[in-house]
Amino acid sequence: MLRISVMACSRGVAKRFMSSMSGESSLPSNLRLPSNLVDPSRTKRPPPPADSSLPIIRTCDSSVPTHLSPLLTWVESLAAQQGDPVGLAQLHPDVFAVPSRLDILHQVEVWQRSYKRISYANTKVRSEVRGGGRKPWRQKGSGRARVGSIRSPLWRGGGVSHGPRGPTSYYYMLPMKVRVMGLKVALSSKLAQDYLYVVESLDLPTPDPLYILDLLRQRHWGQSLLIVDACDELPENLLQATANLKTVNVIPAIGLNVHSMLKHEAVVLTLAAVRFLESKLLWHDERYTPLYPFKMPYSDLP
Amino acid sequence: MSACFTLRSKMMHRVLRCAFQLPGPSVIRLQPMCVAVGEHNPPCGTLETTEEYVFVERLIPPTRVPVPPRHDGPAPSGWAPPSDVPPSLPYMVRRSRMHNIPVYTDISHGNRRTTVVRRVEGDIWALDGAVRELLKRLTGTDRPTQVNEVTMSIRIKGHYDKEIKEWLMQKGF
């Protein structure tokens with residue numbers, strides 16, 4: 001599907017185009033647009049209005065600061081392919097409406113890629129290459145350049161002077177609060193770009209993978225989907241349907257990470273996952289610095 | 001350790017009490033983690049109980065910073081809570097996790113003094129203008145400031161933390 005800012009040839013679209021590029025004429029007459037062009041502003045559902053009639057299924061557990069108000073999103077259902085939202089959910093602004101810090105997202109993404117990296121590239125230095133102990137010819141009088149060993153880096157077959165040396169580890173840890181901020185920024189960006197969907201439960205009617213792909217296409221959710229749940233057992237239908245799909249993946253809420261969120265276009269959270277993420281991410285805003293590692297017992301870990 | 005004590009059921013505890021009928025204070029015996037449930041053979045003359053574990057649990061520290069108790073006006077130290085109604089200004093300065101005003105001083109190279117106002121939300125340039133006016137009134141000179149829109153913080157040349165903290169507290173942030 002082609003998504004470009006120049007929309008299909010309709011009057012409303014032409015007006016939008018004119019307003020964004022003022023001073024220029026409307027669409028050129030010999031413009032040829034492909035037939036499978038998609039207008040994202042017409043396919044995605046707008047955010048819920050303040051006076052919506054649907055019930056608020058989920059309110060924020062933690063207290064929202066007085067100068068901010070909780071965000072409202074639709075709560076959808078996966079039972080029917082073309083379903084209407086079931087209700088509304090409140091999302092905490094300190095997790096889902098954080099200012100977009102692209103530098104932190106970049107830092108966390110680079111860290112995720114490199115902290116596990118061990119590069120096994122290794123080359124031999126002139127002392128490690130087999131041979132090269134004897135001086136090939138005498139220092140003076142032969143007319144040739146002076147030479148100490150046949151494995152000098154200047155020679156063919158000699159050692160490498162400044163090559164990679166042994167397994168090198170690129171392990172480092174970003175501060176905990178930076179990694180937490182990265183998750184918050186990623187969730188906020190997904191919500192701001194209309195790629196975050198809240199679902200009340202992950203019960204599918206069939207274990208057919210095509211059902212999910214059709215659902216994605218009909219609801220215009222995106223090319224790839226990341227489903228996040230926070231429960232002990234995932235529904236069988238969902239696991240079977242997504243087992244062989246490359247673009248739709250299911251992860252538990254503890255496995256949520258910035259790289260997966262950036263890799264998949266749309267992210268689906270269940271209400272349980274939203275509650276889990278809010279409690280874990282908001283705890284970092286009001287915690288003490290650790291007396292001993294948080295892996296050991298404290299009285300009120302989230 | 002806590003897993004060992006929770007494994008001992010109340011039933012076994014009552015049975016042991018009846019079997020050994022000892023007067024005097026009950027004794028906690030610390031078992032190593034490798035002892036499985038069911039292979040429990042305490043030597044004669046000892047009693048196992050789990051009620052005293054409360055004293056261990058209340059020593060384990062909390063992780064969250066507590067909300068300060070209700071104050072009407074400033075505390076003796078000079079600290080004052082933020083006003084219940086946030087001030088109707090285009091900017092907002094949130095408190096730190098220890099409920100203090102986020103104004104900090106910094107020194108680099110031994111002589112370069114700066115003041116940083118962090119945790120700004122909203123229109124940071126309006127706050128920048130207000131801070132410049134305040135310092136112009138207090139010092140008579142234009143203090144250079146640097147606004148960082150990415151981190152939402154303002155860096156001011158010179159140490160003015162006390163003045164800016166008082167001013168922000170008086171505004172109700």
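Letters A, B, ... mirror the listed sequences (proteins, then strands); counts begin at 1.
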Is there a side-chain contact between [X] and [Y] in this structure, where contact means two heavy atoms from C-beta onward sitting under 4.5 Å apart?
{"X": "B/Arg94", "Y": "A/Leu68", "result": "yes"}
{"X": "B/Pro61", "Y": "A/Tyr288", "result": "no"}
{"X": "A/Trp283", "Y": "B/Arg64", "result": "yes"}

For [X], is the [atom1] atom crowded, meaning more than 12 foreign heavy atoms sit under 6.0 Å from it?
{"X": "B/His159", "atom1": "NE2", "value": "yes"}
{"X": "B/Lys171", "atom1": "NZ", "value": "yes"}
{"X": "A/Arg45", "atom1": "CZ", "value": "yes"}
{"X": "B/Glu57", "atom1": "CD", "value": "yes"}
{"X": "A/Arg179", "atom1": "CZ", "value": "yes"}
{"X": "A/Leu54", "atom1": "CG", "value": "yes"}

Measuring heavy-atom distances to chain B, does [X] have an atom under 4.5 Å in its side chain, in its backbone, in both, or in neither?
{"X": "A/Pro290", "result": "neither"}
{"X": "A/Leu301", "result": "both"}
{"X": "A/Arg101", "result": "side chain"}

Review point. Ignoring hydrogens and geometry, is there a side-chain-to-backbone donor-acceptor pair from B/Arg97 to A/Arg287 under 3.5 Å?
Key: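 It does hold such a pair.
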Exercise for review: Please answer whether the main-chain N or O of A/Asp300 pairs with a side-chain N or O of B/Thr63 as donor and acceptor at a distance below 3.5 Å.
Suggested key: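 Yes; judged by distance alone, with no hydrogens or angles, the pair exists.
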Practice item. Measure across A/Ser299 and B/Pro62 and return the closest heavy-atom pair with its distance rounded to 0.1 Å. Key: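 Closest pair (atom of A/Ser299, atom of B/Pro62, distance): OG-CA, 3.3 Å.
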Point to revise | Selection from B/Val65, B/Ile60, B/Thr151 maximising heavy-atom pairs under 4.5 Å formed with chain A | key: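 When all of B/Val65, B/Ile60, B/Thr151 are compared, B/Val65 has the most.
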Check your understanding: Quick one: of B/Val150, B/Asp84, B/Val85, who has the most non-hydrogen atom pairs under 4.5 Å with chain A?
Key ->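 It is B/Val150.
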Exercise for review: Identify which part of B/Arg58 has an atom lying under 4.5 Å from any heavy atom of chain A, answering side chain, backbone, both or neither.
Suggested key: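 Neither part; nothing is under 4.5 Å.
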Exercise for review: Using non-hydrogen atoms and a 4.5 Å limit, figure out which bit of B/Met152 sits close to chain A: side chain, backbone, both or neither.
Suggested key: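 Contact with chain A involves no heavy atom of B/Met152 at all.
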Point to revise | ring pair (Phe, Tyr, Trp, His ring centres under 6.0 Å) involving B/Phe173 - partner list, sequence neighbours excluded | key: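 B/Phe173: ring pair (Phe, Tyr, Trp, His ring centres under 6.0 Å) contacts with B/Tyr91.
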Check your understanding: Between atom OG1 of A/Thr289 and atom CE of B/Met98, what is the distance when rounded to the nearest 0.5 Å?
Key ->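 So the gap between those two atoms works out to 8.0 Å.
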